[in-house]
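None of these values were measured; they are calculated from a predicted model. Sequence lines set the chain letters: A, B, ... in the order given, protein chains first and strands last, and positions in each chain run from 1.
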Number of protein chains: 2
Amino acid sequence: MAANSRVTIAAHALAWLELARQRGRPWLTSDEVAASVKTNPVILRRSLGDLHKAGLVRSRRGAGAGFSLARPAEEITMLDVWNAVSPEPLLALHRTEPNQECPVGAGIKPALTDTYDEATEAFRAALARRTIAGILEKILNS
Amino acid sequence: MAANSRVTIAAHALAWLELARQRGRPWLTSDEVAASVKTNPVILRRSLGDLHKAGLVRSRRGAGAGFSLARPAEEITMLDVWNAVSPEPLLALHRTEPNQECPVGAGIKPALTDTYDEATEAFRAALARRTIAGILEKILNS
DNA sequence: TGTTGTTGTAATAGGGTTGGTTACGATGGC
DNA sequence: GCCATCGTAACCAACCCTATTACAACAACA
């Protein structure tokens, strides 16, 4: 599968919003964020829209509108970002129901669900240990 | 994205091969495995082909052919399965190069790569703790 | 040696997702 | 009321995933 890059786009946008804030420009338009990510402003409005729904950014409309962080960058983790933009599970079960007359087909789903949940939880815990502030700091010191 | 179900198909096939072996039928054809997963035999031959390249199953051609486990089910982890069938990374970086003139665009890739690698490693470690034997045991006791 | 059953793989197709683009109504400061 | 910008719908091309058909390669066995 070609994994999507939504988490990357969203993290990029948030880091850029935070750097702009530190430089005295707390509000950026989707055009300005798109210029840094180098993609279409609509893509960013969609991504920032997801982040808005999740409470990570604020948005203003009308003249002088734009986006800004809704909370300190130290309190936005990569797990928050992942939750906001990536509803898909990491591993999918069978697309079509397996054969229920076979013992394996009948019982495999809960067994795999357990394993997948455990692995996904480990993945999420790792993301929760990184913040946008940490990402930005690493960017500026590289 | 609709995550693919290759790990699920492969784990199902391996568990079924192991159960058949315990029942005295160490070799199964792709038709027989496909009947349990309830999909096309070609899908299974492709999946089992990946597992074969990874050294997890053996295959025989000609009359009386089929597939069997290449090592004990206790020694095949879900990480082995994932490695065999899922070459894609869990999280993708930018599809198009970000703006190098922006500090964030210029430095974000290594910062995110670090984070993504760490999360992926946690995910892999969790998969490594589960074996096909364990999965099958859970299936039979459910 | 010929028959037979199965693997391995190519070609193809439909459906879904992704990122990209255009377009436009809604919004709100001026 | 004007105007810059958000929010979102509609559409598109590219790509991937699963499924299917087809067939050559292969190996056991008569």
Query raised in the report: So what does B:A65 touch, heavy atoms closer than 4.0 Å: a base, only the sugar-phosphate, or nothing?
Result: sugar-phosphate
**Report entry** Min side-chain heavy-atom separation A:R124-A:W82 under 4.5 Å
**Finding:** yes
Report task. Indicate whether the side chain of B:N4 and that of A:R95 have a donor and an acceptor atom separated by less than 3.5 Å. Result -> no
Query raised in the report: Starting at CH2 of A:W27 and ending at P of C:dG29, how long is that distance when rounded to a whole Å?
Result: 11 Å
Query raised in the report: Does the base of D:dC6 carry an N or O that pairs as donor and acceptor with the side chain of A:R61 under 3.5 Å?
Result: yes
Report task. Determine, for B:D31 against B:R45, whether the closest basic-nitrogen to carboxylate-oxygen distance falls under 4.0 angstrom. Result -> no
Report task. Grab the NE2-P distance between A:H52 and D:dG7 for me, whole Å please. Result -> 7 Å
Query raised in the report: Between atom CG in A:L51 and atom P in D:dC6, what is the gap in whole Å?
Result: 14 Å
Query raised in the report: To the nearest angstrom, how far is A:R60 atom CZ from D:dA4 atom C1'?
Result: 12 Å
Report summary line: Out of C:dG20, C:dG8, D:dT8, minimum distance to the side chain of B:F67 belongs to C:dG8
Query raised in the report: So, is B:S59 near the phosphate of C:dT7, with a side-chain N or O under 4.0 Å from OP1 or OP2?
Result: no
**Report entry** Lys/Arg N to Asp/Glu carboxylate O, B:D80 vs B:R71, below 4.0 Å
**Finding:** yes
Query raised in the report: Do the side-chain N or O atoms of B:S30 get closer than 4.0 angstrom to the phosphate oxygens (OP1, OP2) of C:dT6?
Result: no
Query raised in the report: Closest nucleotide of DNA chain C for B:T29 versus for A:S5: which of these residues is on the 5' side?
Result: B:T29
Report task. Could you please name the option among D:dA19, C:dG20, C:dT9 that lies closest to any side-chain atom of B:V42? Result -> C:dT9
Query raised in the report: Among D:dT20, D:dC6, C:dG29, which nucleotide sits nearest the side chain of A:R45?
Result: D:dC6
Report task. Identify, between A:G49 and A:G62, the residue whose nearest nucleotide on DNA chain D lies closer to the 5' end. Result -> A:G62
Query raised in the report: Is the base of D:dA14 touched by the side chain of B:R95 through a donor-acceptor pair closer than 3.5 angstrom?
Result: no
Query raised in the report: For A:R46 and D:dT5, what is the distance between atoms CZ and C1' respectively, to the nearest whole Å?
Result: 17 Å
Report summary line: note: B:L93, atom CG; C:dG19, atom P; distance rounded to Å ~ 13 Å
**Report entry** Residues in side-chain hydrogen bond (donor to acceptor under 3.5 Å, both in side chains) contact with A:K38, at least two apart in sequence or another chain
**Finding:** none
Report task. Measure the distance from CG on B:D31 to C1' on C:dT4 and round it to the nearest whole Å. Result -> 15 Å
Query raised in the report: D:dA13 C1' sits how many Å from A:N40 CG, rounded?
Result: 15 Å
Query raised in the report: Does A:A63 or A:T96 map to a spot on DNA chain D nearer the 5' end, using the closest nucleotide for each?
Result: A:A63
